[in-house]
Protein chains: 2
Amino acid sequence: MKKKISIYDIARDMSVSSATVSYVLNGKAAEKRISKGLEERILAHARELGYRPNMIAKSLRTGKTKIIGMLVEDISDPFFSSIAKVVEERAAQLGYRIFYCSTENDTTLTKGLLRVFRDAQVDGYIIAPPPGLEQDLQELQEDGYPVVLFDRFFDGLETANVVTDNFDGAYQAIRHFVENGCQQIGFITLDSEQVQMQDRLSGYDKAMEQSGLESLVLKVPYEIKHRNAAGKIKTFLEDNSHLEAVLFATNYLAIAGLEVMNDLHMQAPADLSVISFDDIKYFSLFSPSVTAVAQPVEAISEAVIQQLIDCLESSGTLEKKTTVLPVNLVVRASSSPVLAVR
Amino acid sequence: MKKKISIYDIARDMSVSSATVSYVLNGKAAEKRISKGLEERILAHARELGYRPNMIAKSLRTGKTKIIGMLVEDISDPFFSSIAKVVEERAAQLGYRIFYCSTENDTTLTKGLLRVFRDAQVDGYIIAPPPGLEQDLQELQEDGYPVVLFDRFFDGLETANVVTDNFDGAYQAIRHFVENGCQQIGFITLDSEQVQMQDRLSGYDKAMEQSGLESLVLKVPYEIKHRNAAGKIKTFLEDNSHLEAVLFATNYLAIAGLEVMNDLHMQAPADLSVISFDDIKYFSLFSPSVTAVAQPVEAISEAVIQQLIDCLESSGTLEKKTTVLPVNLVVRASSSPVLAVR
DNA sequence: GTATAACGCATAATCGATTAAGTGTTAAGG
DNA sequence: CCTTAACACTTAATCGATTATGCGTTATAC
């Protein structure tokens with residue numbers, strides 16, 4: 001293992017103290033009135049030796065790591081990975097690194113990950129929290145760490161939040177169905193108390209009520225989300241063959257639903273009109289292309305990282321406000337109006 | 001900011017030295033013959049105070065961070081994010097954390113990321129390297145860091161590599177086309193010297209040659225991969241309207257290709273039979289469902305993490321071997337035999 | 001009865017930085 | 001001629017761990 005160069009090596013070579021080297025390397029030469037000549041010689045020698053500061057020693061001393069911990073639900077979900085990518089990029093430009101992990105929306109697992117992040121002394125947190133994390137987030141904030149939540153938040157908890165207009169997304173989707181002449185409109189969502197899901201449900205309910213239509217909702221238990229969502233959806237569609245349209249609350253529910261429709265030899269939109277939340281880039285190539293409620297990935301990422309880094313750099317306090325970004329209904333084939341009488 | 005508990009706090013409370021506390025907390029009480037009673041009292045008090053070791057101080061002293069740096073081409077590509085997720089999971093079980101970043105296959109960017117990782121003193125590296133990284137990887141290894149490459153590697157460089165049988169993947173795909181009666185078979189790939197791309201090309205060429213068919217290859221310049229691959233592909237398909245089948249060398253090329261086909265009102269497989277490399281979960285729902293050469297994501301991840309952690313834990317040296325994992329052709333609608341005479 | 005070993009812990013150096021306070025030299029001021 | 005200030009750095013404490021070595025007390029051995 002090659003020995004790393006430390007400021008002591010440079011100090012020795014230049015016959016000065018390590019403090020002088022430290023000041024010079026931190027650009028405090030003028031402030032500490034180190035002579036121009038010495039400054040330049042130290043800089044030159046540091047470059048020559050290929051000196052790289054030991055971040056660990058630096059962090060131990062300063063208490064800052066320039067690392068941001070990010071917890072997403074699932075890094076292999078295109079919605080989250082797109083956000084992670086943009087956040088990572090912006091953070092890098094501002095001199096910060098992002099460490100991300102998938103929570104699987106599991107409370108216990110997430111508490112463990114939070115411990116890991118605290119142990120790693122990350123400077124700040126970006127979190128799409130699973131349920132039941134109020135206490136931990138509260139403590140995190142009380143201990144002075146800046147936290148920005150995104151995609152969802154907790155009603156009782158004062159935090160900085162960046163979310164999209166989930167209510168309006170669902171509302172627009174249902175209005176679109178109604179304008180296309182659908183009346184029997186279902187909503188397939190997760191059985192979750194989380195605010196983003198509740199808002200989507202409210203948007204659906206509201207739009208249905210305003211249109212004088214009756215709600216029909218399937219709540220898939222969270223635990224079986226990946227294992228057997230398809231089974232539940234299949235039963236639901238079979239039991240409610242009168243349905244003309246369905247809004248899916250997440251992209252993976254929609255994908256499971258489309259698989260079920262394939263199985264049942266149902267075509268969208270002829271047999272069932274379909275809209276999904278989260279516009280993932282693959283939807284345009286699905287059979288049929290899928291209408292989706294697009295969340296503004298770039299805007300979410302920008303808002304999140306901006307707020308966090310502003311706070312970190314100013315050592316000020318984070319403004320505990322909720323930023324709501326608009327959604328956009330991307331209309332594709334899966335929700336085309338069906339002309340023929342059913 | 002709440003003050004963190006250190007071993008000194010515990011030592012003071014118990015009226016012992018910090019060394020004693022350190023031994024106890026590291027399970028070396030017996031070895032250092034600390035009395036059972038004291039050991040238990042220290043442990044109890046540590047728990048009571050909610051003591052958490054300062055990983056930064058620990059790392060500074062030991063030189064180990066229990067962190068693995070992982071460089072993938074693009075974290076929002078399902079192929080890479082699936083691998084990242086499995087690797088992350090296994091690493092966590094073994095007490096390691098993964099920090100990942102996207103290289104965009106950009107040499108300069110990647111060199112920078114390597115610097116960041118070195119600065120962060122990660123214990124080991126998992127890398128899907130962009131071109132031109134030989135020198136840096138060489139140095140990394142010479143400096144004593146374990147490195148495992150995956151998805152691609154460098155012929156002149158002795159490293160531990162985990163790759164799939166790219167040659168066979170392309171070969172199987174072409175054989176499948178031929179068995180379905182296709183003769184005019186094109187290959188759309190990247191203009192890249194990287195080994196995984198070269199192998200896919202060789203597999204294609206070999207299969208074509210053995211079938212007595214003539215090769216027809218489009219090499220999309222790497223730089224325009226995302227910006228304008230579609231344009232190149234469109235021109236290629238228009239100029240070669242006699243093509244009956246096309247193999248795409250990556251999932252995003254296939255996606256671009258399918259978009260172009262939509263544009264040109266070409267249907268797969270009737271107008272053009274299609275196979276893609278990388279089986280991403282969305283392919284089954286595309287229009288039509290896409291036949292793909294599936295790489296064994298789980299097996300790749302396991303092999304990568306196993307080799308690296310074995311090396312880290314045994315402080316032995318990494319075996320510089322290349323592990324080649326088999327691929328699997330998943331046949332779907334986009335490559336169905338076309339019965340009608342063309 | 002004394003040398004030796006075993007026991008049970010303490011001392012202090014160390015990792016590589018940061019930074020407040022100090023120190024020796026020279027020049028200017030009165 | 002002596003004080004003060006400016007200059008240009010140095011000293012040393014500190015962050016929170018790890019770990020080789022040391023050291024006083026009691027028990028055992030011969």
Side-chain angles (χ1 to χ4, degrees), chain A residues 1-43 45-46 49-67 118-123 144, chain B residues 1-43 45-46 49-67 118-121 123:
Chain A
M1 189 81 64
K2 199 158 83 182
K3 196 194 167 311
K4 281 203 66 171
I5 309 294
S6 78
I7 56 171
Y8 291 100
D9 299 321
I10 299 178
R12 189 177 6 81
D13 293 356
M14 300 273 104
S15 307
V16 297
S17 77
S18 66
T20 306
V21 177
S22 173
Y23 289 134
V24 168
L25 294 177
N26 284 292
K28 295 188 183 158
E31 181 187 332
K32 295 291 170 180
R33 28 187 188 222
I34 310 292
S35 65
K36 260 293 174 215
L38 180 54
E39 178 184 4
E40 276 160 21
R41 282 187 295 125
I42 288 177
L43 250 20
H45 193 60
L49 293 184
Y51 169 77
R52 294 254 105 203
N54 182 320
M55 290 306 175
I56 296 183
K58 187 174 247 182
S59 295
L60 177 59
R61 189 64 236 268
T62 62
K64 304 258 148 258
T65 54
K66 292 273 181 180
I67 292 172
R118 294 198 68 157
D119 287 352
Q121 324 249 129
V122 304
D123 290 345
Chain B
M1 189 81 63
K2 197 157 83 182
K3 197 193 167 309
K4 281 203 66 170
I5 308 294
S6 80
I7 55 170
Y8 291 101
D9 299 321
I10 300 178
R12 189 177 7 79
D13 292 356
M14 300 273 105
S15 306
V16 296
S17 78
S18 67
T20 305
V21 176
S22 174
Y23 288 134
V24 168
L25 294 177
N26 285 291
K28 295 187 183 158
E31 180 187 333
K32 294 291 170 182
R33 29 185 188 219
I34 311 291
S35 64
K36 261 293 173 215
L38 180 55
E39 179 184 3
E40 277 160 19
R41 280 186 299 124
I42 289 177
L43 250 22
H45 193 61
L49 293 184
Y51 169 77
R52 293 254 105 204
N54 183 321
M55 291 306 175
I56 296 183
K58 187 174 245 181
S59 295
L60 178 59
R61 191 64 237 270
T62 62
K64 304 259 150 259
T65 54
K66 292 273 179 178
I67 293 172
R118 294 198 67 156
D119 288 352
Q121 322 249 128
D123 290 345

Problem set entry | Nucleotide nearest A19(A) when distance is taken to its side chain, options dT19(C), dA17(D), dG16(D) | dT19(C)

For this session: Take L25(A) and L43(A) through the side chain to side chain contact (heavy atoms under 4.5 Å, CB included) test and state the conclusion after the steps.
Result: CA-CA 7 Å; L25(A) 294 177; L43(A) 250 20; 3.9 Å; yes

Problem set entry | Any R33(B) side-chain N or O less than 4.0 Å from OP1/OP2 of dC7(C) | yes

Exercise. Once you round it to whole Å, what is the distance between P of dG16(C) and CG of D9(A)?
Worked result: 8 Å

Exercise. If you check the S18(A) side chain, which of dT10(D), dA12(D), dA13(D) turns out closest?
Worked result: dA12(D)

Exercise. Base, sugar-phosphate alone, or nothing: which one does T20(A) contact when heavy atoms must sit under 4.0 Å apart?
Worked result: base

For this session: Write down the distance between CZ (R52(A)) and P (dG16(C)), rounded to a whole number of angstrom.
Result: 16 Å

Exercise. What distance separates S59(B) OG from D123(B) CG, expressed to the nearest 0.5 Å?
Worked result: 7.5 Å

Problem set entry | Y51(B) vs dA17(D): side-chain N/O to OP1/OP2 distance below 4.0 Å | yes

For this session: Compare the minimum distances between each of dA10(C), dC15(C), dT19(D) and the side chain of V16(B), then state the nucleotide with the smallest one.
Result: dA10(C)

Exercise. dT18(C) P sits how many Å from I34(A) CD1, rounded?
Worked result: 14 Å

Exercise. Please walk me through it: do I7(A) and Y51(A) pass side chain to side chain contact (heavy atoms under 4.5 Å, CB included)?
Worked result: CA-CA 8 Å; I7(A) 56 171; Y51(A) 169 77; 3.4 Å; yes

Exercise. Does the pair L49(B) and D13(B) meet the rule for a side chain to side chain contact (heavy atoms under 4.5 Å, CB included), with working shown?
Worked result: CA-CA 11 Å; L49(B) 293 184; D13(B) 292 356; 3.8 Å; yes

For this session: Give a yes/no answer on whether the side chain of K58(A) brings an N or O atom under 4.0 Å of OP1 or OP2 in dT18(C).
Result: yes

Exercise. Any side-chain N or O of K28(B) less than 4.0 Å from the OP1 or OP2 oxygen of dT19(D)?
Worked result: yes

Problem set entry | Below 4.0 Å: OP1/OP2 of dC15(C) and any side-chain N or O of N54(A) | no

Exercise. What does I56(B) touch in the nucleic acid at a heavy-atom separation under 4.0 angstrom: a base, only the sugar-phosphate, or nothing?
Worked result: nothing

For this session: Evaluate the side chain to side chain contact (heavy atoms under 4.5 Å, CB included) criterion for residues K58(B) and N26(B): first the C-alpha distance (whole Å), next the side-chain angles of each, then the deciding distance (0.1 Å), finally the verdict.
Result: CA-CA 12 Å; K58(B) 187 174 245 181; N26(B) 285 291; 4.2 Å; yes

For this session: Between T62(B) and S15(B), name the one whose nearest nucleotide on DNA chain C is closer to the 5' end.
Result: S15(B)

Exercise. Looking for any heavy atom pair under 4.0 Å, which part of the strands does S6(B) touch: base, sugar-phosphate only, or nothing?
Worked result: sugar-phosphate

Problem set entry | Between dT19(C) (C1') and E31(A) (CD): distance, integer Å | 10 Å

Seminar exercise, completed: Comparing Y23(A) with Y8(A), nearest DNA chain D nucleotide closer to 5' gives the residue Y23(A)

For this session: Examine dA17(C): is either OP1 or OP2 under 4.0 Å from a nitrogen or oxygen in the side chain of S22(A)? Give yes or no.
Result: no

Exercise. Between atom CG in L60(B) and atom P in dC15(D), what is the gap in whole Å?
Worked result: 14 Å

